[in-house]
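Each remark here refers to the structure printed beneath this line.
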Number of protein chains: 4
Amino acid sequence: MQFLSDNAAPVHPRLWEAMRAADATDAPYDGDALSARLDDAMGALFGSECAVLWVATGTAANCLALGPMCPPHGGVVCHREAHIEMDEGGAPGFYLHGAKLLLADGEHAKITPEGIAAVIDPIRDDVHQVQPHAISITQASEYGCCYRPDELAAIGELAKQRGLKLHMDGARFGNAAAFLGEGAASAAGVGHVDALSFGFVKNGGMNAEAVVFFDPELADEARYRRKRAGHLQSKGRYLAAQVLAMLDGDLWLENAAAANEAARALGGAAGERLLHPVEANEVFLRCTAGEREALRTKGFGFYDWGADAARFVSAWNADQQAARQLADAIADL
Amino acid sequence: MQFLSDNAAPVHPRLWEAMRAADATDAPYDGDALSARLDDAMGALFGSECAVLWVATGTAANCLALGPMCPPHGGVVCHREAHIEMDEGGAPGFYLHGAKLLLADGEHAKITPEGIAAVIDPIRDDVHQVQPHAISITQASEYGCCYRPDELAAIGELAKQRGLKLHMDGARFGNAAAFLGEGAASAAGVGHVDALSFGFVKNGGMNAEAVVFFDPELADEARYRRKRAGHLQSKGRYLAAQVLAMLDGDLWLENAAAANEAARALGGAAGERLLHPVEANEVFLRCTAGEREALRTKGFGFYDWGADAARFVSAWNADQQAARQLADAIADL
Amino acid sequence: MQFLSDNAAPVHPRLWEAMRAADATDAPYDGDALSARLDDAMGALFGSECAVLWVATGTAANCLALGPMCPPHGGVVCHREAHIEMDEGGAPGFYLHGAKLLLADGEHAKITPEGIAAVIDPIRDDVHQVQPHAISITQASEYGCCYRPDELAAIGELAKQRGLKLHMDGARFGNAAAFLGEGAASAAGVGHVDALSFGFVKNGGMNAEAVVFFDPELADEARYRRKRAGHLQSKGRYLAAQVLAMLDGDLWLENAAAANEAARALGGAAGERLLHPVEANEVFLRCTAGEREALRTKGFGFYDWGADAARFVSAWNADQQAARQLADAIADL
Amino acid sequence: MQFLSDNAAPVHPRLWEAMRAADATDAPYDGDALSARLDDAMGALFGSECAVLWVATGTAANCLALGPMCPPHGGVVCHREAHIEMDEGGAPGFYLHGAKLLLADGEHAKITPEGIAAVIDPIRDDVHQVQPHAISITQASEYGCCYRPDELAAIGELAKQRGLKLHMDGARFGNAAAFLGEGAASAAGVGHVDALSFGFVKNGGMNAEAVVFFDPELADEARYRRKRAGHLQSKGRYLAAQVLAMLDGDLWLENAAAANEAARALGGAAGERLLHPVEANEVFLRCTAGEREALRTKGFGFYDWGADAARFVSAWNADQQAARQLADAIADL
């Protein structure tokens, strides 16, 4: 009864099947038949022309999306607790050749036009200060909260006014889309967002994420950057197979919905303990060390979140019964 | 009857099994039980303490091996036709922050102590010229030729004298070891080489290579660099599973031997046409456009190699009968 | 009656003389007789062996000092309003190849052991988070305040405990030393600090700063980095001449004391308006737009500091009478 | 009687005057009145709109010119013996974030359209190989030879056809222009060249070079890069003063002509010993160790050039009588 991380879950059976089906010899790198289908498959999902690159990790996806958006001397606005700032080992500094993350505040790890303006308005327009070139938002946020369409539009408008590109880190994009319930394009802010890191690994994949460029020019440069970063796999067809299997029959939404359901059960039992609304598949609860100990004694696995809180994450294969048991245990605290 | 690339071949069935067996939930990144076994498994193979990092591609493996060996202002000696120079999209320039490849000549894409000295001896020992910090050799070379133990020792001695680290790009290390026939440690120049990029993808793997550090201090830094490059996969156990399955019962040697056998058949038929001795799984033949056309008409797939030559590469799943047919066709030209 | 910036002042006459005296042909780069004297001259001043590199700007000095202290995947702790964070156009990101500045809080733009600990203690010791490798402090701080010897010792102790290198940005080091009054070594925290950017340009120089390494090994690497950054000037003797002329007869202290005196006059008149104690040559005052207008009408030049404050900076050539007039004008507001 | 390097010569008296005249307080960085005059002054010289940045060294000038021309994943074609390849400590790798120099051959360290094509034509148009983005030529070349206008036009045509930017390293541009005798615009290939590193330090300057962008968009980015590299000096007016004094009354041409005259005297005496035609201010002679010893015994200073040659460089302040004496001594060998 593990709620540690959606990174730890198994690979979905339909992805195993798809990878096995891709086993016949085909052209290496991204010259294979499956990789060739990605642009159309994503284009159909998002109702928008797009150029798609597979890549093995979310960190690489974010950096390959941001790379063509920001020169080495520029900056990218993101939330102070964004994954690119906190948990990617300085990867943006590497991939963007020393560009700077400009940190905005905002509730629930979401940023707002006001929060962005508070960061960039004081920047003098001269060479002594790092100028903003892009914004990166996370859908769902580090605290499992989702941007609504109007919030995305507002950020998109600001980006347009200021001449900034807009990136969405969608490591848990499926969970956000499942919660929002209005389709992929709406959740992705198509029309506002220039590139989406569409995550599958936390949602039942093995090691395939997709960088979806709604601005195909950015993709042209990203292809060189992917190779240069050692992320152009020789047998790319196994990554393409994972992505296509996820899109097939909206498996990505189905998996995410299952994870969300388990989280919702926990959230429903948590009442005042909740630090953030439960919208995707993460639950952050105030609870003492003793309470955490009590839950662990009952066999539940999860991470401490500082001294006074705990984080529970559910995965595509969540055992809903276990989730209800945990919910009961939380309610009993 | 495809002899285009060993990059295009399927995944070996025993790797599929091993990956499936790794499917149960385990700790993410490299915290899982399989990843934890890699150091010992490689240590047993090479008869030497070592620290092992899995990574998805050979380009990343090479760069993560070289990164801790050379500061940004330094240089790495390699053959003028080395993969890191010719075919990695400038990845060493990226990972080593602008360090320079210092290009040596040598027959069959192998370098010698003399060739290395010819590059580094003229470098003035001042800040105006890039100073060498490491050497990178390829086993088997870009032309499928293998360094003998005494050649490795001689390069190792030179490296030691000059205070240079020594890296081996072993994208086709299995093919070299199978040819040399004296075991992994001998083929890897253990005692001389500081890090080996041990390739599996061209040898029946899906997307797992191993960077084997015989100097564990280098590995400590490489771990940070791997994360920073977005190469620390969330579900690393699937990569560890591939590597362990390859080592199990020396599958890596068995696969490589099969590929070599097919290449040897072609080489045996080629006579004077051979541009390089056939030692591993690559065959480079002088042949005219008309001759290439003739072979293709018979159904054989391969790459042109400039205007007057062709390259044939065999894989772990080589059809030995097809290889003999191709050998006959070559002999008939 | 200009109090805009000490960057705008003329070059001191004794530096002109020294540069003219250096005009005879000598070996290029730093092979000349004057450059060769720098280590000893600084060693005598600081009572400590040191290795000295001249360089044209404070930004370059800071980056060349920090470069050898922190790998590309590491971090440098500094104050949130430090010059390297706010006003160097992202130069640390460039020179340190994407390393990260870790921002600490502290009154008057000074940091404390507690402030540093608050930044680095929460960093998990794993590859997902950027690990601290160095600390950078500014003497005098961005708000013209000085670290006392015991404060330097406390930070030095913390640095030692945590295995961090310690850098001092001394763009206005002379002003700090003149204020503290206990000599160069004391103001520089010799024994605690690994490298000092010793600024002369704001103190009557033309374009020479000195990076003083108290750890000579760092200097060896910095020499390569200086060349690589295009900062090894062909006729370095003109920079060495400036530095030596500054040290000669403690001109640096004399110039700084004159600037400080003017600032002290302003500070003495400012009373409750002062935002920070006046210790060096900068004065930050609360004052309204109307009050600023009034001062400008009287012919005083200075920068606005946000909407409700002003910054006055005095230089080595401060007109003390003008400073007293400005002090009176401030008192009259 | 020193013919070691034009880097070692004194500063021309008119530059000293100009710098002293710039001593009055003015706005810092490049906000001063002198810096503001550079675009027009260079525009008048070259008969072409241009944007000019001063910088302290030729290495920085070259890198700031090339930076905006080539992305980190790209390549710059230059001669195998170009200064940027041989003698800048890897600066292009640093400033261009790991971009690659693509090395062309050519007599007298000059490259030709054929030489460039021989480098770039074999590059496959895919992400595995570094693609060319710019060409850099040196006027005069490392061996003191000059590109004629038709040679510049031919390279410019090729650059245009292939979509490559064109940079000219003019560390000794004055010497080239003085030799060619058809004006600055002709020597600079205006209309073909996108940016010129216009060197003054070797020609009587102290520490000011100019990057002249004939494509002003490149300059906009270069300004950020200059600051980020720590090359935006606080008191930039002293650099602007040097540049303007050099342009005033064509002092740059006069100085260069004097240096050339001395070199021509040596060249005229050298006969069959000459390794390269003497066009600018460098003379490369075949001569034995014994002959070099003989010349040194007579008091002449110069560098060995490998085991069997010597390099003589004359400067703006060349003693023409000494040059004739040396010429005689060479003739007597």
Side-chain angles (χ1 to χ4, degrees), chain A residues 2 4-11 13 16 19-20 22-29 31-32 55-64 87-95 97 171 201-202 205-207 209 223-239 301 315 317, chain B residues 2 4-11 13 16 19-20 22-29 31-32 55-64 87-95 97 171 201-202 205-207 209 223-239 301 315 317:
Chain A
Q2 197 270 99
L4 284 161
S5 174
D6 37 9
N7 270 337
V11 171
W16 282 115
M19 287 190 282
R20 289 304 296 257
D23 211 19
T25 296
D26 198 346
Y29 305 110
D32 60 282
V55 68
T57 67
T59 293
N62 289 336
C63 288
L64 291 174
D87 287 293
E88 300 194 346
F94 178 44
Y95 274 82
H97 301 290
V201 177
K202 292 178 190 294
M206 179 193 276
N207 49 20
E209 314 273 277
R223 279 181 233 283
Y224 286 97
R225 289 172 169 267
R226 177 172 66 174
K227 172 60 201 178
R228 195 174 188 234
H231 275 288
L232 181 64
Q233 295 198 8
S234 299
K235 299 180 178 175
R237 62 192 189 272
Y238 297 106
L239 283 82
N317 66 337
Chain B
Q2 197 269 97
L4 284 161
S5 173
D6 37 9
N7 271 336
V11 172
W16 282 117
M19 287 190 281
R20 291 305 295 257
D23 211 19
T25 297
D26 198 345
Y29 305 111
D32 60 282
V55 69
T57 68
T59 293
N62 288 337
C63 288
L64 291 173
D87 286 294
E88 301 194 345
F94 178 44
Y95 274 82
H97 302 289
V201 176
K202 292 177 190 296
M206 178 194 277
N207 49 20
E209 314 273 278
R223 280 182 232 283
Y224 286 97
R225 289 172 170 268
R226 178 173 63 175
K227 172 60 200 177
R228 194 175 189 235
H231 275 288
L232 181 64
Q233 295 198 9
S234 300
K235 300 180 178 175
R237 64 193 189 271
Y238 296 107
L239 283 82
N317 65 338

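Model, not experiment: these values are computed from the prediction. Each chain gets a letter, A, B and so on, in the order the sequences are listed, and its residues count up from 1.
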_In terms of relative ring orientation, are A/Tyr238 and B/Trp16 parallel, tilted or perpendicular, with 30° and 60° separating the classes?_
perpendicular
*So what's closer than 4.5 Å to chain B heavy atoms on A/Asp26: side chain, backbone, both or neither?*
backbone
*If the plane angle is over 60° it's perpendicular, under 30° parallel, otherwise tilted; pick one for A/Phe94 and B/Phe94.*
parallel
_Residue A/Arg226 versus chain B: region with a heavy atom under 4.5 Å_ = neither
*Among B/Ala61, B/Pro28, B/Ala229, B/Gly93, single out the residue with the greatest number of heavy-atom pairs under 4.5 Å to chain A.*
B/Ala229
*About how many Å separate CG of B/Leu239 and CE of A/Met206, when rounded to the nearest 0.5 Å?*
8.5 Å
*Between B/His97 and A/His97, is any side-chain donor less than 3.5 angstrom from a side-chain acceptor?*
no
_Please classify the contact between A/Leu232 and chain B as side chain, backbone, both or neither, with a heavy-atom cut-off of under 4.5 Å._
backbone
*Who among A/Lys227, A/Arg20, A/Gln233 has the most heavy-atom pairs with chain B under 4.5 Å?*
A/Arg20
*asked:* Counting heavy-atom pairs under 4.5 Å with chain B, which one of A/Asp23, A/Val55, A/Thr59 comes out on top?
replied: A/Asp23
*When you check the side-chain N and O atoms of B/Ser234 and A/Lys202, is any donor under 3.5 Å from an acceptor?*
no
*Look up atom NZ in B/Lys235 and atom OG1 in A/Thr57, then write down how far apart they are to the nearest 0.5 Å.*
13.5 Å
*For each of B/Pro10, B/Ala91, B/Gly89, tally heavy-atom pairs with chain A at distances under 4.5 Å, and name the one with the top tally.*
B/Pro10
*Return the option, out of A/Ala60, A/Ala56, A/Ala9, with the maximum number of heavy-atom pairs under 4.5 Å with chain B.*
A/Ala9
